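Here the structure comes first, spelled out in C-alpha cells, and everything after it is commentary.
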There are 2 protein chains.
Amino acid sequence: MVAVKTVGRLSIYRRILNRLLSEGAKNVFSHQLAVMAGVTPAQVRRDIMSIGYSGNPNRGYGVADLIESIGSSLDDPEGQKAALVGVGNLGRAILTYFSGRRPKLAIVAAFDNDHKKFDRVIQGCRCYALDRLEEIVQELGIDIGIITVPSGEAQKVSNALVRAGIKGILNYAPVRIQVPRNIYIEDIDMTMTLEKVAYFARKK
Amino acid sequence: MVAVKTVGRLSIYRRILNRLLSEGAKNVFSHQLAVMAGVTPAQVRRDIMSIGYSGNPNRGYGVADLIESIGSSLDDPEGQKAALVGVGNLGRAILTYFSGRRPKLAIVAAFDNDHKKFDRVIQGCRCYALDRLEEIVQELGIDIGIITVPSGEAQKVSNALVRAGIKGILNYAPVRIQVPRNIYIEDIDMTMTLEKVAYFARKK
DNA sequence: TTCACGCTGTGAATTATTTCACGATATAAA
DNA sequence: TTTATATCGTGAAATAATTCACAGCGTGAA
C-alpha cells in the first residue's frame with residue numbers, strides 16, 4: 001500500500017510522462033521530473049522506489065516503462081467507474097475535464113434533480129434522476145462518487161452513495177461529510193484553498 | 001506566521017463557526033468542532049492556540065469571538081482582490097461559488113480570450129479581454145490570480161499575472177507552473193485527486 | 001579494456017505534523 | 001463554601017514526510 005501523498009505525486013508524474021512520451025522522449029532523469037512536478041529529485045526517486053520500479057544510473061528512467069509501472073500500481077486492471085452527482089457548472093466542468101482521458105477510470109453516469117437534464121448526454125455521460133442513484137450505481141458497477149451538489153444536500157447524497165455500495169468519494173461541497181470508516185473520502189475545498197492563497201500572498 | 005496546513009483548517013473552522021453562529025450557538029467545544037471539521041480535538045485546540053485565542057475550560061470557545069480572532073489572523077484588514085482567468089465551466093462555477101461570500105476577499109475581474117464574453121457581467125464580476133490583464137490588475141489593485149485556462153496556456157497566463165504584480169496564484173490547470181520564489185502558488189489538481197480516490201477506494 | 005562521470009537507490013538524519021496525556025481551571029451543584 | 005466534573009492549554013512523545021549524502025553502478029569515451 002502506497003502512502004496517500006505518494007499516490008498523488010505518482011499520478012502527477014504519470015501525466016508528465018505521458019506528455020513526454022507523446023513528445024518522443026525515451027528516458028528521463030529524476031531531476032527533470034522533479035522540476036516538472038515541482039518537487040525535489042530525492043522525492044521523485046523515493047516515490048518511484050516505493051512502487052518497485054528501478055531506473056538506470058546512466059539513462060535515468062524509461063518513460064514508457066515507468067508509465068506502465070505506475071499504471072500497474074495505481075490502476076485497477078478491470079477499470080473503475082465513477083458517478084457524478086450534481087450537474088451544475090462545476091459538475092459539467094469535471095465531466096468535460098475527464099471525458100475519455102483515462103481508460104481505466106471513467107465517469108459513466110451523472111445525477112441531478114432537474115428533470116430538464118434527465119437523459120441528456122453530457123460529454124458522453126448520461127444524466128439520470130437523483131432518485132435512481134442506487135439502482136444505476138449497482139447496475140453499472142460504479143464504485144466512486146463525485147459530489148458536486150450544494151452543501152445542504154451533500155450529506156444526503158453521500159448517504160445514498162454509501163448505501164449504493166460506493167467505496168470512495170470525492171467531495172467538492174464545502175462541508176465535511178460523515179462516512180463509515182471503510183469509505184475513503186477526499187475533499188476539494190475551493191474556498192479554503194483560495195483563503196490559503198490569500199493569506200500567503202500577504203505573508204510570504 | 002501560521003503553518004500552511006493550519007491556515008487551511010482555520011478557514012474550515014471559520015466556515016463551520018459562521019454556520020453555528022447563524023444557528024444561534026454561543027459556544028462550542030473542541031470536540032464538537034473536531035467532528036464537524038473531520039479532525040481530532042487536540043488538533044483543533046492546537047490550531048486555535050496558534051492564533052493566540054483562548055477558550056474557557058467550562059464553556060469551550062466563544063463562537064463569535066473565535067470567528068473574529070480567526071479573521072484577524074487570516075484576513076487583510078483592507079480586503080484582498082482576486083482575478084480569475086479563463087471563463088469556462090470551471091471559471092463560472094468558481095465565480096458562482098464565491099460571489100459575495102467573503103467581504104474581505106472578492107473576485108473582482110475575469111479574463112478570457114473569447115470576445116463574446118467581453119464586458120459581460122457574470123456573478124457581479126466583469127469579463128475583460130485577456131490582453132488587458134496587466135492594465136486591469138494594476139488599476140484595481142488585485143493581488144491574487146486564479147487560473148482556470150487549459151494546461152497549454154497556464155504558464156503564459158501565470159507569467160502575465162506575475163508581471164502584473166500578483167502575489168499569489170491558485171492554479172486549476174493540471175500542470176506545474178514555474179513562478180518566482182516570492183510568489184505563493186497552490187495547485188488544485190482534480191484529476192490527481194480523483195485518481196487518489198480511485199486508488200484508495202480499491203485498497204482501503 | 002579501463003577510466004571518469006553523473007545518476008540511481010537508500011540508510012540515516014532531519015524536519016514537519018499530529019497526538020498523547022495531564023496539570024490548571026471555570027463552573028454548576030451540593 | 002466546597003466538591004465534582006469536563007474542558008482547555010501545552011510540553012513531550014510519537015509518527016509521518018522529506019531531504020541528505022554517499023556507495024555502487026552502467027555507460028560512453030579513450
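Not measured: the values here are computed from a predicted model. Every chain is numbered from 1 and lettered A, B, ... according to where its sequence line falls, protein lines coming before strand lines.
- Q43(B) has its CD atom 15 Å from the P atom of dC8(D), to the nearest Å.
- Nearest-nucleotide assignment on DNA chain D puts the 5′-proximal partner with V4(A), out of R45(A) and V4(A).
- Atom pair I51(A):CD1 and dG9(C):P shows a separation of 11 Å (rounding to whole Å applied).
- No side-chain donor-acceptor contact under 3.5 Å links Y61(A) and N27(A).
- If you take CZ of F29(A) and P of dT8(C), they are 6 Å apart, rounded to a whole angstrom.
- With rounding to whole Å, N58(B) atom CG is found 9 Å from dT7(D) atom P.
- The base of dG11(C) sits within donor-acceptor range of the side chain of R46(A), with an N or O pair under 3.5 Å.
- Closest to the side chain of K5(A), out of dT27(D), dT27(C), dT18(D), is dT18(D).
- Dashed line: the shortest gap from a side-chain N or O of S54(A) to OP1 or OP2 of dG9(C) is under 4.0 Å.
- Side chain of P57(A), nearest nucleotide from dT19(D), dC22(D), dG24(D): dG24(D).
- A straight line from NE2 of H31(A) to P of dT8(C) spans 7 Å, rounded to a whole angstrom.
- The distance between atom CG of L33(B) and atom P of dT7(D), rounded to the nearest whole Å, is 13 Å.
- Across all strands, T6(A) comes closer than 4.0 Å to no nucleic acid atom at all (heavy-atom distances).
- In terms of heavy-atom proximity, A83(A) sits nearest to I142(A) at N-CG2, 3.6 Å.
- A side-chain contact (heavy atoms from CB on, under 4.5 Å) with Y199(A) is found for one member of L105(B), L74(B), D75(B) and no other, namely L74(B).
- Cation-pi geometry between R101(A) and Y97(A) is met: under 6.0 angstrom from the ring centre, within 45 degrees of the axis.
- With E195(A) as reference, R102(B) is the one residue of Q80(B), R102(B), R15(B) to meet the side chain to side chain donor-acceptor pair (under 3.5 Å) rule.
- Closest to the side chain of A3(B), out of dC8(D), dA17(D), dT17(C), is dT17(C).
- Between N56(B) and the phosphate of dT27(C), there is a side-chain N or O to OP1/OP2 separation shorter than 4.0 Å.
- D47(A) has its CG atom 12 Å from the C1' atom of dT19(D), to the nearest Å.
- Picking from dT8(C), dC8(D), dT19(C) the nucleotide with the shortest atom distance to the side chain of A42(B) gives dT19(C).
- Protein atom OH of Y61(A) is 14 Å distant from nucleotide atom C1' of dC25(D), rounded to whole Å.
- Look at R9(A) and you'll find a side-chain N or O under 4.0 angstrom from OP1 or OP2 of dT18(D).
- Distances shorter than 4.0 Å separate some side-chain N or O of T40(B) from OP1 or OP2 on dT19(C).
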